[in-house]
Number of protein chains: 2
Amino acid sequence: MANKRVYSFGGGKGDGHGSMKNLLGGKGANLAEMAKLGIPVPAGFTITTEMCTAYYENKGKLPKALIDDVKSALKKTERVMKKKFGDEKNPLLMSVRSGARMSMPGMMETVLNVGLTSKTLPGLVKKSGDERFAYDAYRRLITMYSDVVMEKAAGVEPKDGEGIRHKLEHAMDALKAKKGVTEDTDLDVDDLKGLVDEYKKLVKKTLGVEFPDDPMEQLWGGIRAVFQSWNGKRAIAYRQIEGIPHDWGTAVNVQAMVFGNMGDTSATGVAFTRNPATGEDKFYGEWLINAQGEDVVAGTRTPSPLNKSTKTEDQKDIKSLEEAMPKVYKKLYAIRNKLEKHYKDMQDIEFTIEDGELWMLQTRTGKRTGTAAVRTAVEMAESKLINKETALQRVKPEQLDELLHPMLDPEAESRAPRLAKGLPAGPGGGVGRVVFTADDAAAWAKEQEKKKPEDREPVVLVRNETSPEDVHGMHVAAAILTAKGGMTSHAALVARGWGKCCIVGCGALSIDAKAKKFTVDGKTIGEGDWISLNGTTGLVYEGSVGVLPAQPERNKWYKKLMKWADATRQINVRTNCETPEDAAQAVAFGAEGIGLARTEHMFFEPERVIHVREMIFAQTEADRRKAVMKLLPFQKKDFLGIFKAMAGKPVTVRLLDPPLHEFMTLDDAQKKQLADHVGRSVKDVEARIEQLHELNPMLGHRGCRLGTVYPEITEMQARAILEAAAELGKKKTKVLPEIMIPLVGHENEFKNQEAVVRTVADEVKAKYKLKKLDYLVGTMIEIPRACLVADKIAERAEFFSFGTNDLTQMGFGYSRDDINGFLPYYLENDILPRDPFQVLDQEGIGQLVEMGVQRGRGERPDLKVGICGEHGGEPSSVKFCHRVGLNYVSCSPFRVPIARLAAAQAALENPRKEVKAKAKAKKKAKAKAATRKKK
Amino acid sequence: MANKRVYSFGGGKGDGHGSMKNLLGGKGANLAEMAKLGIPVPAGFTITTEMCTAYYENKGKLPKALIDDVKSALKKTERVMKKKFGDEKNPLLMSVRSGARMSMPGMMETVLNVGLTSKTLPGLVKKSGDERFAYDAYRRLITMYSDVVMEKAAGVEPKDGEGIRHKLEHAMDALKAKKGVTEDTDLDVDDLKGLVDEYKKLVKKTLGVEFPDDPMEQLWGGIRAVFQSWNGKRAIAYRQIEGIPHDWGTAVNVQAMVFGNMGDTSATGVAFTRNPATGEDKFYGEWLINAQGEDVVAGTRTPSPLNKSTKTEDQKDIKSLEEAMPKVYKKLYAIRNKLEKHYKDMQDIEFTIEDGELWMLQTRTGKRTGTAAVRTAVEMAESKLINKETALQRVKPEQLDELLHPMLDPEAESRAPRLAKGLPAGPGGGVGRVVFTADDAAAWAKEQEKKKPEDREPVVLVRNETSPEDVHGMHVAAAILTAKGGMTSHAALVARGWGKCCIVGCGALSIDAKAKKFTVDGKTIGEGDWISLNGTTGLVYEGSVGVLPAQPERNKWYKKLMKWADATRQINVRTNCETPEDAAQAVAFGAEGIGLARTEHMFFEPERVIHVREMIFAQTEADRRKAVMKLLPFQKKDFLGIFKAMAGKPVTVRLLDPPLHEFMTLDDAQKKQLADHVGRSVKDVEARIEQLHELNPMLGHRGCRLGTVYPEITEMQARAILEAAAELGKKKTKVLPEIMIPLVGHENEFKNQEAVVRTVADEVKAKYKLKKLDYLVGTMIEIPRACLVADKIAERAEFFSFGTNDLTQMGFGYSRDDINGFLPYYLENDILPRDPFQVLDQEGIGQLVEMGVQRGRGERPDLKVGICGEHGGEPSSVKFCHRVGLNYVSCSPFRVPIARLAAAQAALENPRKEVKAKAKAKKKAKAKAATRKKK
């Protein structure tokens, strides 16, 4: 490996720069960048991510050359900081922090105060002039180091409550109890001295080795621990959720310590250059006087606001940094402006004030809610800090989800019994039953999965504070509520990342997690009780408050962004729905048509399904036809409703798809009812059910295989669709039905079904005395073979719609209903990078899609092509669809805005040369059509 | 349509020639060819197959131009035959016959004596000088025409026993009964005159119209009837079985009548230029004196042998044509030689002798048994009539099936109670229960399908004679036995075509089909009784005689042909089997290795399956491993046996494939046993069974998905295979195991499983102290996605074997277990041309295979590629495999010779430039391997 292994920064210089994130991690790259910008940064150096990879490749051995490089980088740091590492008189202390390419907050380890030993301690005491501070630093080092390096990184696995950190904290609590105090700060220097001795003994006793007293040993221990934590359980779990590759590795940032806990002229804080919850253009942050950074993040002390303008009503009497240290604040504010101007994006910064001197410890792109992302992007574009294209790229399409989520019904909320108020960390409304541990939340959610979606009951996870160990429970909870912590606490950061409703720092809550209850304001809320959260205001209510659908149309920034997106994107966005109500909702969300209306849902209503069953029983074609035709008026009514709601936008209707046995799951009473209805015995009914049984219904008698064997079903459905269209057409309502034949695998299937539809169309035209009846006949491409022979199918099919759900099932050979035996294992063990039912497998199934498009268009250049599988609303899949030339994607109503934005981003990333192509295609289409006629 | 519509022949001239079969049909083309060869052929003309297509396209309307063409062709015929159609004094009578591109014996209609009317009848009487003959001809015309043209072609559908033919025959039978005679020939001229009158009345009464008395009306009626019969039910059914496209259409041959029934100087006959059952080079045929051709084919009179040398013992006293009409026979024999020399193949001819004059009515390539096909081809090549390549192409690979079929055990046969002797029409042995109607045969066969293959009981169809209406029953019967008919009767022709055991003309049988029994030699055999047939000798036995496997190795012609095939083919042929016995059988049949040994079969034995179930129950990996490892000694023993039997030939072993629930189909006693064995309750057992249940097991937790989640299974199997190989290797026995990972869809699955195998291999090498252990690790390509990413899989996989069964299931989205709901309909209605599980769908699934080969070889040019789906033994699929570059096909032992011959034919049709390509591939492979190492 010939690359540079260690990059130094500090003193206005930096070996690296901001764009070297892959090599230096986000934190390291930005430290170098800040140093170069002349921003005060404690000096230090970054060990590259490549060293992490090397560490794992060499089974934990570090390259020898690295050891030399670190030594010389340490020398540089000593020169800039004018202190010496391990020096007895003027000791330099270092922090050792992780820093991955993408932020993984709290998922990896940090060790602070490295270099403090029995020899350097007196030097620190003397230099700082604060014996208590020095011993407190030593105490912190021992706690952190023994846990992170000596226990975790060494692979020791203590039982619950027997970890070294727990034991040390217990010793401190015991001491406080003995002294009758509650705060750490109430312990004096002698207490701390005793505690340090006790700590060392506990370490020896618990872990069997002495606490290391050599600064270099401490440093290497810290570096190894960071590398080791890259493959810790939490980190792996986080990467799986976030889709971060496991082979990236982390960098290690070794940086001179600066102390925010050296008395009342010291402080520490974190801030966002704008409000990360709302996106408002106000400097927004929190600080703690006489504290170290971890105190803010851990949420053990509730911090103060940064400035006057962001104080809430409750915080009136608390001093902001602006008031407490106006000069330092002014400096910080200037840095805030410099950073935003330089990075052209909202920044998340950490700073420490050591004895009145401001040090910047970190800057990175700030995580924000979807609401904030939209507002920030739009406002930055409007102020010309960025252009519109960048603004569109700034918002992750998934983030819009949050704007589209329901909120508490204000009416009901005004009457709801208020329990408490906390910090509004994640906007939107969240209602659910209370649980007190992440495991309970996960177990509850798993239980709910067995129920029908409409019967599922959500949970709200209530904790004192959350830690990375809780992410699995937080992920499944409808909302999160914590008693401690601020807007930048773990719970707040994580929930905001997911766009989840979250309230933190709700101090009025007294939680007894063991007894599974909390009390607030004299009331006791136990496990399973309903509560409701308004994550936008921070208010918590007792009971279940009604929720209202999201109203993104009231958000002007959202509206502007979507306008830009619509002007940018080059493909259409349709929706999958089958009721007039959903259709209206989807149109409100910007749907430009229906890409998939499933007709089988219309078959299941009790007054209809009896005819379906009668049809299944028919012995002759005539009887079958008679039964089927009873469904005609129902289906026609359905289509009239949908067509009206879509007001002339194209509507793709899929003909009956599921196997007939899906209509024949009957209890005894239903069997009897059916037997009576068709004049047969219950035995006959049971025999027919048995006859319809299939071993692999997924691959059975369904889709167009039904319509081919029972053409009267196709005939009835075509008639319902076309008569509805004809009737509305007579009334001058524009209607464009696209009749979709499902599950075609051979062109003859399509030919057969198309003929049935065309015959019906001619009859409908005659019946309604129409000169013209606009409709298309096309097919769902969802069988692998269909992609291979798409050219032949396109000879007759006027449109394709990719059914990527089934295509994934058959292409992978996975039954979606049966993947639980192996898919979780596959994802955990990296056999598959993603669940292919969530994110389209572009490598494999994507090839089939692309092949289908190319071959289809090769035969019919003006072939309309879309996608109606669930992937149609997943951003990376939408981008794929744009790239391979689809005309539209179709997704559930709530995913429509997401698809619109994803499509816009796709157009920016891979613009299509549409105009030229369109003209060419038109010409080719004409020629092909002429050839077809000759045939 | 600018093409010639009508082609004349006769008088030593012909408009067409022998290679115009597509346009003129086989019969028409050969009539023209014979005419040109100077062979005496009654003059006439052929209406092209294009006219048939036009007939259907124009919904039954004939082109006007055709009418004129027919008229002028008729004039030519009149000139050559020196008679006039419709002439009262010297009337020309015509036959109207079908003639498709490929022979469809008895499937379409024929009308003879066309042109005989009340006006021309006296002329025929006078010219022939035989009033009885003339009236008999008229009677025959009325019978045939009223049935074929007036009833069938007109679409009249009479009830059973109420058809016009039945009524006319009934009238004749009544007359014979009244006169106390049994033979038609016992009726005198007055009888026939009366009968003709009665016939005309019956026609009028039954069909409501007069029998047409206009010769041209009769002619056009006949022509239309032939066209119409192309789409008759029987014809369609036959084409489906034989795979003849429905859009070919038939030609119509209109030819001057010559009469074999003009007294004892007249005769008719059919013959083969060589023996169609054995292939022996002897002129072989049958004739009837004073008869028309239909009498021979219908089997109503048993004909006499053609010559002395082909007489059987029983026929000693019957006069052969050679003896009865030596001059004519000599002429015929010369024609036989001329035809074979000209056509260079065995011919099936029809002739008529009219008043001592020989006329050839037809020549066509003779249908023959597989045995005959092989012998004929080899002997013709040896006598230099054809070359070896042609000889190889002459035998349909499927025909070998017959040589490989079992025969009656001679020992048992010698002791079996003989019932009767008939004509040996289809060789081999056939044993089964007696049924008397085709419908009963079909119903019985259907019933048997519900049983396990080893428990199924075959049927023998016993009939007086068979007709095309019986084909469905003949198809499912193990053997066919008829009381009437000769070697060229319907039963004999059809059975021979299928290579089925068949005995005809077994006159000793007295069959009472209504009572479902037959008596012979005083014994009565009823429905359901067992009989045994030796189709090679014609002997019928009572009871079930044991059968012996086929012994093709005793057939010298077969051995020679296969030697030629092996020298010609360019791909290897392996077998699918998993027992040493089957392996030995396959090697005897020429298998060059095992392409698929399924290991799950080895799991099902009672003493083993209990451990499998214990494994399924294990809660921990350790318990699972313990249970699995109990199977190791069993599996190792299995592999030792197979490896020894294959003696160094490659053996591909597939790791466990089926879902675990297949091992958990338990009755109550088994549940109890299992519960006791694993120390759990029956409830637990039932819960586990429930848990394993899958909605679509085909797409569930199976194949490598098992081995990935439970690596100890893969480990145990790899160990069994490799330890067996190592042990034999120690004893200097060559072994080449190829370990096949099933159901790989993503390269990571392969990587994962390969790693397990390689680790085991290293352990085995160490355990047995081996320097080298030869084995390959490869995969079954059976998931569509695997074909798409074959390049990635080939990065590590050393071989591919296409599992086209599953590939077809997933590529089409058909569950083989559930296709009965639609596939029969699809085949009947031409939605699919063939059952894709029988014949590889080259258009769709074939693309996946080809893609897999190309991409796999693109990455690894020396990748070994084979096929182990059932298509590996189907000739057209074998040819496909050759074309797309596979190294081998693998099929069941009994299909091995078929695959060898198909492969040879493929090499002749599309020779590979192997030598060059191999050298190139080797070079490329080296380079790629080097690159892989670097990675």
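Quick note on labels: first sequence line is chain A, next is B, and so on, each numbered from 1.
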Top contributor to chain A contacts, counting heavy-atom pairs under 4.5 Å, from [options]:
options	result
B:E782, B:E694, B:R785	B:R785
B:N829, B:L692, B:D817	B:D817
B:M810, B:H693, B:Q691	B:M810
B:G813, B:G745, B:G844	B:G813

Does a side-chain N-to-carboxylate-O contact under 4.0 Å join [X] and [Y]?
X	Y	result
A:E859	A:K792	no
A:E850	A:R855	no
A:E715	A:R625	yes

Sequence neighbours excluded, which residues qualify as salt bridge (charged side-chain N to carboxylate O under 4.0 Å, His left out) partners of B:K751?
->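 Per chain and number, B:K751 pairs via salt bridge (charged side-chain N to carboxylate O under 4.0 Å, His left out) with no residue.
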Is A:Q753 reaching over with its side chain to a backbone N or O of A:F750, donor-acceptor style, under 3.5 angstrom?
->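 It does not hold such a pair.
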With chain B, which of [options] has the greatest number of heavy-atom pairs at distances under 4.5 Å?
options	value
A:V709, A:I831, A:D841	A:I831
A:I819, A:L832, A:T708	A:T708
A:M851, A:Q809, A:H746, A:H701	A:H701
A:N748, A:L823, A:L660	A:N748

Give, as side chain, backbone, both or neither, the part of [X] having an atom under 4.5 angstrom from any heavy atom of chain B.
X	value
A:Y825	side chain
A:P833	side chain
A:E747	side chain

Please work out which of the three classes, parallel, tilted or perpendicular, describes the rings of A:Y814 and A:F837, given edges at 30° and 60°.
->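 Judged by the thresholds at 30° and 60°, the geometry between A:F837 and A:Y814 is tilted.
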Would you tell me whether A:E621 and A:Y710 have side-chain atoms, one donor and one acceptor, within less than 3.5 Å of each other?
->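 Absent: no donor and acceptor within the cut-off.
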For B:F663, check ring-ring contact (aromatic ring centres under 6.0 Å, His included) against everything at least two apart and list the hits.
->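 B:F663: ring-ring contact (aromatic ring centres under 6.0 Å, His included) contacts with B:F603, B:F604.
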